[in-house]
Structures are given as C-alpha cells and as structure tokens.
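Note that the structure is predicted; figures quoted are calculated from it, not measured. Within every chain, numbering begins at 1; the chains are lettered A, B, ... in the order of the sequence lines, protein sequences first and strands thereafter.
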Number of protein chains: 2
Amino acid sequence: MSSHLAFPANYTDTAGSYLPSPGARDQINFVHASPIAGSILHFSQDQEIYGDGDNAEHFYKVVSGTVRSCKFLDDGRRHIESFHVAGDIFGFEDAVRYSVNAEAVNDCTLASYRKTQVVDDNHLRSQVFSSVMRDLARAHHHTMLLGCKSAREKMAGFLIEWAAIEPGCRAVNLVMSRQDIADYLGLTIETVSRMMSLLEHQGYISRSGPRHVELKNRAALRALDA
Amino acid sequence: MSSHLAFPANYTDTAGSYLPSPGARDQINFVHASPIAGSILHFSQDQEIYGDGDNAEHFYKVVSGTVRSCKFLDDGRRHIESFHVAGDIFGFEDAVRYSVNAEAVNDCTLASYRKTQVVDDNHLRSQVFSSVMRDLARAHHHTMLLGCKSAREKMAGFLIEWAAIEPGCRAVNLVMSRQDIADYLGLTIETVSRMMSLLEHQGYISRSGPRHVELKNRAALRALDA
DNA sequence: CGACGATTTGAAGACCTTCAACCACCGTGG
DNA sequence: CCACGGTGGTTGAAGGTCTTCAAATCGTCG
C-alpha cells in the first residue's frame with residue numbers, strides 16, 4: 001500500500017447513528033443476495049484473525065458472529081476498541097500494518113477482501129466508506145462513554161448500544177464475557193458485575209442468566225446514556 | 001444530504017499515525033500554494049462555528065488557529081471529542097445534522113466547503129478521505145487514553161500528542177485552557193494541574209508559564225503513553 | 001497598584017479497584 | 001448417581017485514585 005489507492009465511491013448517506021450496525025440487517029441480506037466478492041473464512045472462539053503489526057493487505061466483513069478489535073499494552077492491560085457484528089466491515093486501515101488485534105468473540109464467518117479490490121468494485125467501496133464513517137461516529141460515542149460517565153452510565157450505554165442490534169426485541173444477548181465488557185468500558189469485571197446487579201436492583205433490567213438481559217425500561221437507560 | 005454523494009478519491013496512504021496532524025504541514029503548504037476552493041472565515045476565541053443539531057451542509061479546514069469539537073450532556077458536563085489544528089479537516093459528517101459543537105479555541109481562520117464540492121474536486125475529496133481515516137485513528141487512540149490509563153498517563157499522552165504538532169521542537173505551546181484539557185482527558189482541572197506538577201516534579205517536563213511546557217524526556221513520556 | 005480570571009495546592013470524601021471468598025454452571029470420571 | 005475440578009460470574013471488605021470543595025497563588029490587563 002505504498003501511495004495511491006483509488007477510492008471513488010458513491011456512498012449512501014446512512015443518516016449516521018452512533019449505535020452499532022444501523023443497516024446491519026440490510027448488509028446481511030446483501031451478503032446473502034449478492035455474489036460475495038471476498039472469500040469466506042471461519043474462525044472459532046478467541047481465534048486471532050490478525051495481529052497488531054501484521055501486514056494490512058486485507059479487510060473483512062462479518063457475515064455472522066462477533067469480532068473484537070483490541071490492543072495490548074506492555075504491562076498486559078487490554079483495551080477493546082470495538083466490537084464488530086454481522087454486516088460490519090473492519091480491518092480497513094490507512095496504514096501498511098494493522099494497529100490492533102482482531103479476534104473472534106464467538107465462532108464467526110467472515111468475508112475477506114484485498115484492499116485493492118475497492119479500486120474496481122464500486123459497491124464495495126461505497127460500503128467501506130460508509131463503514132468508516134460509522135466507525136468514526138461509534139468511536140466518538142465510545143470516547144464519550146469513557147470520558148465523562150460513571151460506571152453505571154457506562155453499563156447503561158453499553159446495553160443500549162447492544163439493544164440497538166436487535167431493535168425489535170427487549171432481550172439483549174451478550175455474546176462477550178464480562179472481561180470483554182470491562183476492557184471496552186474501562187472498568188474491572190467486578191465493577192461490571194456490580195453495575196449489572198445495581199441496574200437490575202433498580203429495575204432497569206432483569207436477567208435470566210449472566211449473558212441474557214431484558215431491558216425493562218429502555219427510555220430510562222437511554223437517559224443515562226445521552 | 002439525502003442519499004448519493006459521489007465519493008471518488010485517489011487517496012494517498014499516509015502510513016496512518018494516530019498522532020495529530022501527520023502531514024499537517026504539507027496541507028498547510030497546500031493551502032498557501034493552491035487556490036482555495038472554499039471561502040475563508042475568521043472566528044474569535046470561544047466563538048461557535050457550528051452547533052450540535054445544525055444543518056451539516058459545510059465542512060471546514062483549519063488554516064490557522066485551533067478548533068475543538070465538543071458535546072454537552074444534559075447536566076452540563078462537557079466532553080471534548082477532538083482538537084483540530086492547521087491543516088485538519090473537520091465537520092464532514094455522514095449525517096444531515098452535526099452531532100457536536102465546534103468552537104474556536106483561539107482566534108482562527110478556516111476555509112469552508114460545501115459537502116457537495118467533494119463530488120467535483122478530486123484533490124479535496126482525497127484530502128477529506130485521508131482526514132476521516134486520520135480522525136478514526138486518533139479517535140481510537142483517544143479511547144485508549146480514556147479507557148485504560150491513569151491520570152498521569154493521560155497527561156503524558158496528551159503532551160506527546162501535542163508535541164507531535166511541532167516535531168522539531170522541545171517546547172509545547174498549549175493553546176487550550178486546563179478545562180479544555182480536563183474535558184478531553186476525562187479528568188478535572190485540579191487533577192490536570194496536579195499531574196502537570198507531578199510530571200514536572202518527576203523531571204519529565206519543565207514549565208515557563210502555565211501554557212508553555214518543555215519536554216525534558218520525551219522517550220519516557222512516550223513510554224507512559226504507549 | 002488593584003482586580004479579575006486562570007491555575008495551583010490542600011484536605012476530606014466518593015467511587016472504583018484490588019484482593020479474597022463464594023456461588024453457579026458444566027463436563028468428566030469414579 | 002454424585003463427587004470433583006475448572007471456568008466464569010457475583011459479592012464483600014479494605015485501600016487507592018481521582019473528585020469535590022475550599023483557599024491560596026499566579027498572570028494579565030486596566
């Protein structure tokens with residue numbers, strides 16, 4: 001990726017939401033409806049997709065499952081930058097090498113593309129651009145969660161984020177571990193756990209298993225978020 | 001911005017750094033060397049450039065001065081998303097309305113463009129795309145600062161970020177107030193002040209006035225950052 | 001000089017973390 | 001069948017970091 005990567009794209013304005021995967025469903029449908037320009041890959045839980053420092057020749061689109069982008073500090077601290085769900089594109093970096101690790105949160109199926117493919121494929125290019133804009137909006141929302149929120153507000157914001165993935169339904173299925181949530185929110189697993197219990201005690205949510213949360217009062221949660 | 005915004009661009013891979021304004025100098029030079037496709041505007045300190053919710057028809061390039069993008073929460077808390085310095089493009093949003101406020105940190109000069117201009121102007125489009133990719137990388141770095149760093153490390157990271165703006169020189173001129181720094185780092189002004197004193201006491205920096213900092217040991221600061 | 005805002009410093013308290021123990025779930029194997 | 005061990009999650013108590021509230025100092029501009 002030395003110098004010129006042609007990047008023409010008719011991009012569709014997605015009325016940018018900061019929430020995960022607005023339009024994710026459409027994109028899933030697209031994957032199924034159209035021939036996929038990339039090759040299909042499978043990864044099992046916690047498997048590395050690429051590593052910080054690897055050659056960033058490819059980027060990926062999630063067909064099914066969930067992927068985390070994370071970074072490790074020298075002393076072992078881990079920071080999760082983002083989660084990618086079905087329809088999301090990730091790994092398209094403006095650099096020779098990846099700056100993060102990408103790992104499968106659970107078993108997942110990905111379509112892989114070469115960065116050079118965006119030169120010829122208008123539709124793909126447009127999707128990549130939309131994806132980058134969406135990532136930017138999400139990253140900004142993430143900085144707000146991390147920068148000026150209490151633990152309870154962070155937890156509420158996280159749940160609202162994930163509730164948006166399945167818009168119809170009140171139940172949120174947390175596919176990631178408490179450690180993943182903690183490293184995403186800049187908390188410890190104990191605090192995450194405590195905040196879950198607190199939100200339940202305060203009537204915001206109810207739980208039927210650690211990873212299955214029902215939102216009892218979405219409006220109130222959203223108020224904590226914004 | 002209803003649906004199709006043509007977005008073809010030959011973008012140059014800037015070997016993406018997360019630090020502020022890699023290539024800022026080139027872009028400044030470009031501003032001076034080429035006819036500016038946008039109209040020139042001036043803003044005085046603390047003046048609003050646009051507000052959260054305004055129509056996002058335009059975007060801007062900083063010619064001189066510094067701009068902050070920030071968001072206000074209902075209860076008055078403020079979060080600073082990013083600072084934009086000479087050469088940076090900001091306000092190019094994938095939505096009908098801005099999601100943040102943009103304000104002049106100090107007196108500044110901007111070039112303003114309509115979003116539709118990117119359709120015809122290849123060079124501008126390319127710059128916008130590079131800018132978006134750079135913003136994304138910076139936002140990710142910002143989430144890391146906020147998410148898994150102590151106050152001292154945040155302060156060090158911030159100084160390193162600003163030192164990169166004037167790469168040659170050891171002295172950093174902080175154009176923004178302590179409150180701005182605090183709202184960017186998710187700290188209070190008192191903590192920012194204390195960390196400045198601490199870093200000075202520990203020999204990382206020395207100060208000749210509150211906003212003029214000399215980095216005595218850049219390598220050590222960088223170690224705190226990464 | 002004097003006044004005002006910005007910054008620094010101090011002391012007490014809140015929130016989150018750390019360290020530790022406990023619980024729930026699940027597959028294995030006796 | 002139940003005992004056992006392992007993993008992931010929850011809860012409790014003590015401690016540390018950052019915040020809050022308050023006061024002092026610095027800098028700038030009239």
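At whole-Å resolution of the value, CE in B:Met155 and P in D:dC18 are 13 Å apart. As a whole-Å value, the separation of A:Ile181 CD1 from C:dC16 P is 16 Å. Rounded to an integer number of Å, the gap from CG of B:Asp183 to P of D:dT19 is 11 Å. Going from atom CD1 of A:Ile189 over to atom P of D:dG12 covers 16 Å, rounded to whole Å. Spacing between atom NE2 of B:His212 and atom P of C:dT7 amounts to 15 Å, rounded to whole angstrom units. If you take NZ of A:Lys149 and C1' of D:dT19, they are 18 Å apart, rounded to a whole angstrom.
Judged by distance alone, the side chain of A:Asp107 and the main-chain N or O of A:Gln45 form a donor-acceptor pair under 3.5 Å.
Ion pair A:Asp180/A:Arg78 flagged as a salt bridge, since at least one NZ, NE, NH1 or NH2 atom sits closer than 4.0 Å to an Asp/Glu carboxylate oxygen.
Nucleic acid contact for A:Arg211: sugar-phosphate only, since backbone atoms but no base atoms lie under 4.0 Å from a heavy atom of the residue. B:Leu187 comes within 4.0 angstrom of sugar-phosphate atoms only, judged by non-hydrogen atoms across all strands, and of no base.
Residues satisfying the salt bridge (charged side-chain N to carboxylate O under 4.0 Å, His left out) test with B:Arg114, not counting sequence neighbours, are B:Glu57. With sequence neighbours left out, the salt bridge (charged side-chain N to carboxylate O under 4.0 Å, His left out) criterion links A:Glu153 to B:Arg77. Annotation: ring-ring contact (aromatic ring centres under 6.0 Å, His included) contacts of B:His84 (sequence neighbours excluded): B:Phe90. Applying the ring-ring contact (aromatic ring centres under 6.0 Å, His included) criterion to B:Tyr204, with sequence neighbours excluded, gives no partner residue.
Proximity of residues 197-207 of chain A to DNA chain D (heavy atom under 4.0 angstrom from any strand atom) is restricted to A:Ser197, A:Arg207.
When each of C:dT7, D:dT11, C:dC16 is scored by its nearest atom to the side-chain atoms of A:Ala151, the top-ranked nucleotide is C:dC16. Nearest nucleotide to the B:Arg178 side chain, out of D:dT11, C:dT7, C:dC16: C:dT7.
At least one side-chain heavy atom of B:Pro210 sits less than 4.5 Å from a side-chain heavy atom of B:Arg178.
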Notebook entry, point to check: Could you write nucleotides 20-30 of chain D as a row of B, S and -, 5' to 3', where a protein heavy atom under 4.0 Å of any base atom gives B, of only sugar-phosphate atoms gives S, and otherwise -?
Noted result: BB---------

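Here the CG-NZ distance, from B:Leu185 to B:Lys149, works out to 11.0 Å after rounding to the nearest 0.5 Å. Separation of atoms CG (B:Leu159) and CG (B:Leu199) is listed at 6.5 Å; rounding is to 0.5 Å.
Place B:Met196 and A:Met195 on DNA chain C by their nearest nucleotides, and B:Met196 ends up nearer the 5' end.
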